[in-house]
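Both ligands and their constituent atoms are indexed starting at 1 by order of listing. Hydrogens, waters and symmetry mates play no part in the numbers below; they use all other heavy atoms, side chains included.
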Amino acid sequence: MTQVIFAVLVVSVFSFFAYSLRRRWLQMTTIGQGTEEPRFDNILSRIRDVVVEGFFQKRMYTDFGAAFMHLLIFWGFFIVSLGTLETLMSGVFPSLTLKNLLGSESAIYKSYIASQTWTNAIVALAIAYAILRRMFFPPKRFAGLSRHSRLDAYLVLSLIGGLVTTALFYILVESKAGMEGTANVLWWMHCLILFSFTCFLPYSKHQHLIWVWPNIFFKSHKGTGRLRPMEFKEDAESFGVGTAQGFTWKQMLDGMACVECGRCTAVCPANNTGKNLDPRLIINDIKEAMLDAVANPPEKRKQLIGGIVTPEELWACTTCGACMQACPLHIEHIPAIIDMRRYMTMTEGNVPPELQTTLQNLESQSNPWGFNNQKRAEWAQGINVKTMAETKGEVDYLFWVGCAGSFDERYKKVSRSIANVLNDANVSFAILGTEEKCNGDTARRAGNEYLADSQIRENIETFKKYKVKKVVTGCPHCFNTIKNEYPDFGFQADEVIHHSEFLSRLVQEKKITPKKGAVESLTYHDSCYLGRHNQIYDEPRKALASASKENTLREMPRSREKGFCCGAGGARMWMEETKGERVNVNRAREALASGAKTIATACPFCMTMMRDGVAAHQKEKEVEVLDIAELLSST
Ligand code: SF4
Ligand code: SF4
């Protein structure tokens, strides 16, 4: 009779578990009605990602202590699950135990018992450490967790702790004479904790244990710097995402998979400088919007933008990508933020006034400042630079100058340095001159997909007219957009290269000889759109090292993959920054602390932000900000 009751319990608990997960999956896929990109391509590489990222948790090692503890619990859980399986089987069929099947004296059975004993003990210790850590020395990234989230974590840790300690003590007393009653109590305690955990899991934030696997499998295989194109449906009443239904099923999955570890928040430049933006909360907001849509009829649902999430949070993002790089579950923050910006800009017209001016300038003059576009090539007066029209496109490279390189007084000097280096190296190139229009980065990141679409298509027409095959850009944002986003609009170049990489190549090919020891000492600030979004870290460094008398670079603590944004990406260049510390002031402090007399950059936005940041620290007379091209140019 006991076996029958136990069997009914097991079937009921696991049926409830399966039912809860199926229900949740259906909610995600029915509420998330946005159009998702293909996520079933590259099946083999997706399976490999699940193994590397899921089982070996590659991204966790940025915090070694936490990663080690998590790995112990994770792998330990797999091993003790064998014991749990045996417990369930023996509950239904008492003679079906490994002891009976293998023989209590067999080496294999003894090894099994030893592995269970040790693993249960190790996991119990890891759980105790995790609980004590949360209580007495929580990492900074746990700040901001809701009370509900904290209680959830304690409950789940306690349930796992209960599972392993009851299993451990059961193993220890099981074969002791006179301890049968205690063993029986421990066995039942273990089973009841297991049943409670199984029923609670799909409703806990630890349901990430389930959703992490599909989330890694379906992760984006496109670069993080690329924004997906927006569908323009003729009968659409709104654009972008303004309700839970606007998100895609994958974005819903992101919301459910998030474990609230705060790794994204810990690296967010906006959050670190006192802005309201918390990328963990943005993902949690998607989940909240979904659960709200599940629970309430449309008229009773919370407003997404202005209710669940504020416009201020959404506009604070620099699209630096640090959050997406840090997230162990490959959650995609930037697309969600931009989807909601698209709604604010295109559906509501709710754009910060200063950004509105920039968008108007882009529309009328195709540059963010509103300069007369006919003056786009004036920077090149007096130096040997031809236009595509003059050369009839018969050159190897289009030098894509960009708006800053064409109009910003400081960056016009950089354009001249780039052109001089290209001429020194006998590179065959030409510019578009007045035929060049803004590449679309700012409009896209400001959520104005209509404007970006027209700019991009106009540029592509011009590219096609001159049969452009290779592009060298003077700006990481232009580089990223032309390389990673133009293919979605119908232009795929044979090569798109940023000037830092191109100049580094020219140095290696000995086509240019940089002036050695041009400056006293040098540090290099990674642009997010070169480094994090396009993994260009080494080339600028290789080219730069000999420019310093020290023959090396002074690296900042936050460099390369850990680079800290200058604050200007994601159209933030064109918005006021009134809350907290300015991101560029924070970054400039770090650059100044390196003691280097020159800060090298490779981006017009970074240059402006670093110069302003250095000035804010009143060091502009002592520390210079130069572009990599200026450091390599002989003139
Ligand atoms: S989004 Fe990723 S990094 Fe951020 S809290 Fe969630 S799981 Fe952690
Ligand atoms: S992209 Fe950068 S600024 Fe935006 S939420 Fe992520 S870390 Fe923060």
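Close approach of ligand 2 to Cys323 is summarised as follows: ligand atoms under 4.0 Å from at least one heavy atom of the residue are 1 (S), 5 (S), 6 (Fe), 7 (S). Residue Ile334 approaches ligand 2 through these ligand atoms, each under 4.0 Å from one of its heavy atoms: 1 (S). Interface atoms of ligand 1 facing Cys327, defined by a heavy-atom separation under 4.0 Å, are 1 (S), 2 (Fe), 3 (S), 7 (S). Ligand-side atoms of ligand 2 in range of Cys317: 1 (S), 3 (S), 4 (Fe), 5 (S), range being under 4.0 angstrom from any heavy atom. Residue contact check: Glu260 has heavy atoms under 4.0 Å from atoms 5 (S), 6 (Fe) of ligand 1. For ligand 2 and Gly321, the ligand atoms under 4.0 Å from any heavy atom of the residue are 1 (S), 2 (Fe).
Of the possible donor and acceptor atoms, none in the side chain of Thr345 sits under 3.5 Å from a partner among the backbone N and O of Arg342. Checked by atom type and distance alone, the side chain of Glu485 never pairs as donor or acceptor with a backbone atom of Ile482 at under 3.5 Å.
At a threshold of 4.0 Å, the pair Asp488-Arg226 counts as salt-bridged, since one of the basic side-chain nitrogens sits closer than that to a carboxylate oxygen. No salt bridge links Asp538 with Arg541; every basic N to acidic carboxylate O contact stays at or beyond 4.0 Å.
Nearest to atom 3 (S) of ligand 2 among the protein's heavy atoms is Thr318 N, 3.3 Å. At the top of the distance list for atom 5 (S) of ligand 2, counting protein heavy atoms only, stands Leu277 CD2, 3.6 Å.
If you look at His333 next to ligand 1, the close heavy atoms, those under 4.0 Å, all belong to the side chain. The residue Asn271 has no part lying near ligand 2, judged by heavy-atom distances below 4.0 Å.
With atom 4 (Fe) of ligand 1 as the reference point, the heavy atom nearest to it among Gly255, Cys268, Cys264 is part of Cys264.
Atom 8 (Fe) of ligand 1 has an N, O or S atom of Cys261 inside 2.8 Å of it.
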